[in-house]
Amino acid sequence: MSIQTRLVDGIEIPQPGTFVLDQNHTSVGFVARHLMVTKVRGRFAEVEGRIVVAEDAAASSAEAVIKTASLSTGSEDRDAHLRSGDFFDVENYPEIRFVSTAVERDGGQFRVTGDLTVRDVTKPVVLDVEIDGVAVDPWGGERLAVTATTEVEREDWGLTWNVALESGGVLVSKKVTLEIEAQAVRQS
């Protein structure tokens with residue numbers, strides 16, 4: 001099988017079709033500051049979604065569902081706290097959802113605007129998206145790889161728990177960077 005791509009304003013993108021996220025090759029992560037200085041990284045292991053590439057790139061779309069209980073930061077105590085009512089409250093809010101609402105070209109990448117729902121609060125976000133490439137796997141499947149990032153204010157979604165520090169600042173940063181490395185397989 002050969003890869004069928006096309007150039008759109010100098011950016012190589014796949015031919016139109018639907019691509020389903022490969023959970024084994026997709027990482028949805030976040031970075032927050034601890035004590036105002038250290039970066040702490042976490043990721044969600046369970047994510048499902050799809051990317052629809054349209055003939056007109058601006059008509060393309062993406063959606064994803066993330067299981068909040070699949071969160072991992074490498075610390076069992078921290079993970080338990082993040083799953084609690086202080087943060088994600090996974091028992092009452094088992095999913096995070098993203099649904100795109102607009103796609104636009106921005107230089108050599110795309111800006112994807114969409115609705116992010118966390119704890120039943122929906123707010124718009126803008127993802128900076130780069131197409132990393134298209135490849136054919138050994139079984140003949142066409143794969144699309146993308147990287148997406150954005151920075152959000154976690155308190156906008158009700159994630160307000162914090163502790164003030166004697167030296168000034170807070171224990172957990174209000175700003176959080178979301179980092180997505182996705183690989184999706186063509187379905188049609």
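The analysis underlying the following values was restricted to heavy atoms, covering all of them including side chains, and did not include hydrogens, waters or symmetry mates.
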- Which of Leu82, Thr177, Val152 passes side chain to side chain contact (heavy atoms under 4.5 Å, CB included) with Phe30? Answer is Leu82
- Item | Pairing residues for Val40 by the side chain to side chain contact (heavy atoms under 4.5 Å, CB included) criterion, not counting sequence neighbours |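 Only His34, Arg78 meet the side chain to side chain contact (heavy atoms under 4.5 Å, CB included) criterion with Val40.
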- Message: Could you work out, with side chain to side chain contact (heavy atoms under 4.5 Å, CB included) as the rule, every residue matching Ala182, not counting sequence neighbours?
- Response: Leu21, Thr26, Val146, Ile180
With ring-ring contact (aromatic ring centres under 6.0 Å, His included) as the rule and sequence neighbours excluded, what pairs involving [range] come up?
range	value
residues 58-79	none
residues 137-175	His81-Trp161, Phe87-Trp161
residues 88-123	Phe44-Phe88
residues 167-188	none

- Task: Could you tell me which residues satisfy side-chain hydrogen bond (donor to acceptor under 3.5 Å, both in side chains) with Lys174, sequence neighbours excluded, listed by chain and number?
- Result: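 side-chain hydrogen bond (donor to acceptor under 3.5 Å, both in side chains) check on Lys174 returns nothing, list empty.
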With sequence neighbours left out, write down each residue that passes salt bridge (Lys or Arg N to Asp or Glu O under 4.0 Å) with [X], or none if nothing qualifies.
X	value
Asp137	Arg143
Glu91	none
Glu63	Arg50

- Quick check: are there more than 12 heavy atoms from other residues, nucleotides or ligands sitting under 6.0 Å from CD of Glu48? no
I want to check something: taking the side chain as every heavy atom from C-beta on, are [X] and [Y] in contact at a cut-off of under 4.5 Å?
X	Y	value
His25	Val185	no
Thr113	Val126	yes
Ile51	Val53	yes
Leu116	Ile96	yes

- Query: Going from CD on Glu95 to OG1 on Thr68, what distance comes out if it is rounded to the nearest 0.5 angstrom?
  - Reply: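 Those atoms lie 8.0 Å apart.
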- Task: Drop me the distance from Thr73's OG1 to Leu71's CG, to the nearest 0.5 angstrom.
- Result: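 The OG1 atom of Thr73 sits 6.5 Å away from the CG atom of Leu71.
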- Message: side chain to side chain contact (heavy atoms under 4.5 Å, CB included) for Gln109 and Val129? Distances and angles first, verdict last.
- Response: CA-CA 6 Å; Gln109 59 185 23; Val129 179; 5.9 Å; no
- Task: May I ask you to decide whether Glu142 forms a salt bridge with Arg186, counting only side-chain N to carboxylate O separations under 4.0 Å?
- Result: yes
- Message: Considering only residues two or more places apart or on different chains, which pairs with a residue in residues 27-43 satisfy salt bridge (charged side-chain N to carboxylate O under 4.0 Å, His left out)?
- Response: Arg41-Glu179
- Return each pair, listed once, that meets salt bridge (charged side-chain N to carboxylate O under 4.0 Å, His left out) where at least one residue sits in residues 112-132; pairs must be two or more places apart or across chains.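 Residue pairs passing salt bridge (charged side-chain N to carboxylate O under 4.0 Å, His left out), neighbours aside: Arg111-Asp128.
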